[in-house]
S.K.: 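The structure is given below, and queries will be raised subsequently.
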Amino acid sequence: MNRQGIVLAALLLGAVPAVCFAAPAEPGAYVSGFIGATIPRDSDASSTDFVTGLNFDDRVEFDPGIYIGGTGGYDFGFLRLEGEMSYRHTELKAVRDRISGVNYRSVDGSLDIFSMMANAYIDLHNATPVTPYLGGGIGFAAMNLSDTSGINTVSGVRTNLYGDGDDTEFAYQAGGGFEIALNRHSSLDVGYRYFRTNRANFESDRGIDTSLRFESHNATIGFRYRF
């Protein structure tokens with residue numbers, strides 16, 4: 001276990017006595033912040049190079065990335081309604097041209113997603129300070145694909161794959177987690193979200209247009225405060 005993991009485990013164990021005697025948090029308005037990891041699924045990307053006139057059909061792999069954001073909403077006791085603003089960043093890991101079979105290594109490129117979501121969650125209250133919840137949301141994702149290049153494993157030449165571009169598309173998410181009450185006003189949140197966007201179309205000034213869909217699994221830990 002690395003040093004960060006040991007520190008996190010120590011903090012969680014230290015919080016156990018307080019959590020065991022904490023009362024469930026009260027209903028009311030709340031704000032929260034969270035941080036976690038996004039683990040993107042592989043995506044099928046199609047692109048057209050208008051300079052060469054060639055079309056490409058690729059399979060794109062991503063590295064795990066960061067997921068950070070915040071929410072504000074109202075807890076009705078069994079139902080929570082909230083607005084969420086969040087940011088995800090991931091690096092492109094590998095690209096395979098499914099037409100030619102050529103692979104590209106040492107890929108240099110990234111995808112950034114800023115999303116605004118309207119969420120609804122059902123809280124499954126019980127006699128303990130740990131409250132499971134389920135739900136999801138809908139909204140929009142503003143996405144930016146950076147200039148991307150990779151080394152052709154056949155020729156050994158670094159090749160421009162995609163050009164810098166932006167698009168905003170419909171997005172949705174679903175998931176659940178556990179709220180762990182610390183007292184009547186504050187709680188910890190451990191959650192999972194499945195997130196997906198419609199297919200985005202990135203038009204580049206470099207003459208390379210690309211389309212792909214972003215889909216990811218996301219794990220978070222956060223802090224919620226009720227007023």
S.K.: Is the backbone N or O of I151 less than 3.5 Å from a side-chain atom of S106, with the two atoms forming a donor-acceptor pair by type?
M.R.: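 No.
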S.K.: Are the charged groups of D57 and R98 less than 4.0 angstrom apart, N to O?
M.R.: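 Salt bridge flag = yes for R98 with D57.
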S.K.: Counting heavy atoms not belonging to F114, are there more than 12 under 6.0 Å from its CZ?
M.R.: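 Atom CZ in F114 is crowded, with more than 12 foreign heavy atoms closer than 6.0 Å.
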S.K.: Could you tell me whether R80 sits above the aromatic face of Y74, with NZ or CZ closer than 6.0 angstrom to the six-membered ring centre and within 45 degrees of the axis?
M.R.: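 No, R80 does not sit over the ring of Y74.
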S.K.: Would you mind reporting whether V154 and Y104 have side-chain heavy atoms less than 4.5 Å apart?
M.R.: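 With C-beta onward as the side chain, the pair stays apart.
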S.K.: Check this for me: E203, atom CD, are more than 12 non-hydrogen atoms of other residues, nucleotides or ligands nearer than 6.0 Å?
M.R.: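 No, the 6.0 Å shell around CD holds no more than 12 heavy atoms from other groups.
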S.K.: Apply ring-ring contact (aromatic ring centres under 6.0 Å, His included) to F76 and F78, showing your working.
M.R.: CA-CA 6 Å; F76 294 91; F78 66 96; 7.5 Å; no
S.K.: Does CG belonging to L124 count more than 12 external heavy atoms closer than 6.0 Å?
M.R.: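 Result for CG/L124: enclosed.
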S.K.: Please determine whether side chain to side chain contact (heavy atoms under 4.5 Å, CB included) holds for the pair E215 and T197, giving the CA-CA distance in whole Å, both sets of side-chain angles, and the decisive distance to 0.1 Å.
M.R.: CA-CA 7 Å; E215 185 178 4; T197 72; over 6 Å; no
S.K.: Indicate yes or no: does R59 engage D44 in a salt bridge with an N to O separation below 4.0 Å.
M.R.: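 Salt bridge flag = yes for D44 with R59.
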S.K.: Determine, stepwise, if the pair L188 / F178 fulfils side chain to side chain contact (heavy atoms under 4.5 Å, CB included).
M.R.: CA-CA 8 Å; L188 296 177; F178 298 90; over 6 Å; no
S.K.: Starting at CG of N103, measure out to CD of E61 and round the result to the nearest 0.5 Å.
M.R.: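 One gets 9.0 Å once the value is rounded to the nearest 0.5 Å.
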S.K.: On a heavy-atom basis, which atom in S47 and which in D58 lie closest, and how many Å separate them?
M.R.: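 Minimum heavy-atom separation between S47 and D58: OG-OD2, 4.3 Å.
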S.K.: Show your working on side chain to side chain donor-acceptor pair (under 3.5 Å) between R213 and S43 and close with a plain yes or no.
M.R.: CA-CA 6 Å; R213 175 183 290 112; S43 179; over 6 Å; no
S.K.: Could you tell me whether the side chain of D63 and the main chain of K93 form a donor-acceptor pair under 3.5 Å?
M.R.: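 Not a single qualifying donor-acceptor pair exists.
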S.K.: Is any side-chain N of the basic residue among R88 and D112 closer than 4.0 Å to the acidic one's carboxylate O?
M.R.: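 A salt bridge is absent here (no side-chain N lies under 4.0 Å from a carboxylate O).
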S.K.: Quick check against the 3.5 Å criterion: does N218 have a side-chain atom that pairs as donor or acceptor with the backbone of R193?
M.R.: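 Indeed, once roles are kept as given, a pair shorter than 3.5 Å links the two residues.
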S.K.: Mark yes or no for whether T128, through its side chain, and V130, through its backbone, hold a donor-acceptor pair below 3.5 Å.
M.R.: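 Side chain of T128 to backbone of V130, a donor-acceptor pair under 3.5 Å: yes, one is there.
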S.K.: Please test Y87 against Y67 for ring-ring contact (aromatic ring centres under 6.0 Å, His included), starting from the C-alpha separation and ending with a verdict.
M.R.: CA-CA 6 Å; Y87 169 76; Y67 174 36; 9.6 Å; no
S.K.: How about S115 and F195: do any of their side-chain heavy atoms sit closer than 4.5 Å?
M.R.: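 Sidechains of F195 and S115: in contact.
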S.K.: Mind checking the OG1-CG spacing from T71 to L81? Nearest 0.5 Å is all I need.
M.R.: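 So the gap between those two atoms works out to 11.5 Å.
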S.K.: Do the charged groups of R224 and E179 touch, with an N to O distance under 4.0 Å?
M.R.: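 Looking at R224 and E179, the cut-off is met.
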S.K.: Are the side chain of S100 and the backbone of V102 linked by a donor-acceptor contact shorter than 3.5 Å?
M.R.: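 Yes, because the side chain of S100 sits within donor-acceptor range (under 3.5 Å) of the backbone of V102.
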S.K.: Please check if the side chain of H125 supplies one atom and the backbone of G77 the other of a donor-acceptor pair under 3.5 Å.
M.R.: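 Such a contact is found between H125 side chain and G77 backbone.
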S.K.: Kindly give the heavy-atom pair with the smallest separation between S204 and D209, and that separation in Å.
M.R.: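 Smallest heavy-atom distance, with atoms named: N-OD1, 3.3 Å.
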S.K.: Test side chain to side chain donor-acceptor pair (under 3.5 Å) on N144 and D166 and set out the steps.
M.R.: CA-CA 5 Å; N144 172 258; D166 301 280; 2.8 Å; yes
S.K.: To the nearest 0.5 Å, how far apart are CG in L145 and OG1 in T210?
M.R.: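 If we round to the nearest 0.5 Å, L145:CG and T210:OG1 are 6.0 Å apart.
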S.K.: Out of D49, V107, D147, V95, which residue meets the side-chain contact (heavy atoms from CB on, under 4.5 Å) rule with Y162?
M.R.: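 The residue from D49, V107, D147, V95 that satisfies side-chain contact (heavy atoms from CB on, under 4.5 Å) with Y162 turns out to be V95.
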S.K.: D123 versus D75: any side-chain heavy-atom pair under 4.5 Å?
M.R.: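 A side-chain contact exists here, since the closest heavy-atom pair is under 4.5 Å.
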S.K.: Could you walk me through whether M117 and M85 pass the side chain to side chain contact (heavy atoms under 4.5 Å, CB included) check?
M.R.: CA-CA 7 Å; M117 310 293 290; M85 298 177 65; over 6 Å; no
S.K.: For Y194, is there any backbone N or O sitting under 3.5 Å from a side-chain donor or acceptor partner on H217?
M.R.: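 Checking the backbone N and O of Y194 against the side chain of H217, no donor-acceptor pair under 3.5 Å is found.
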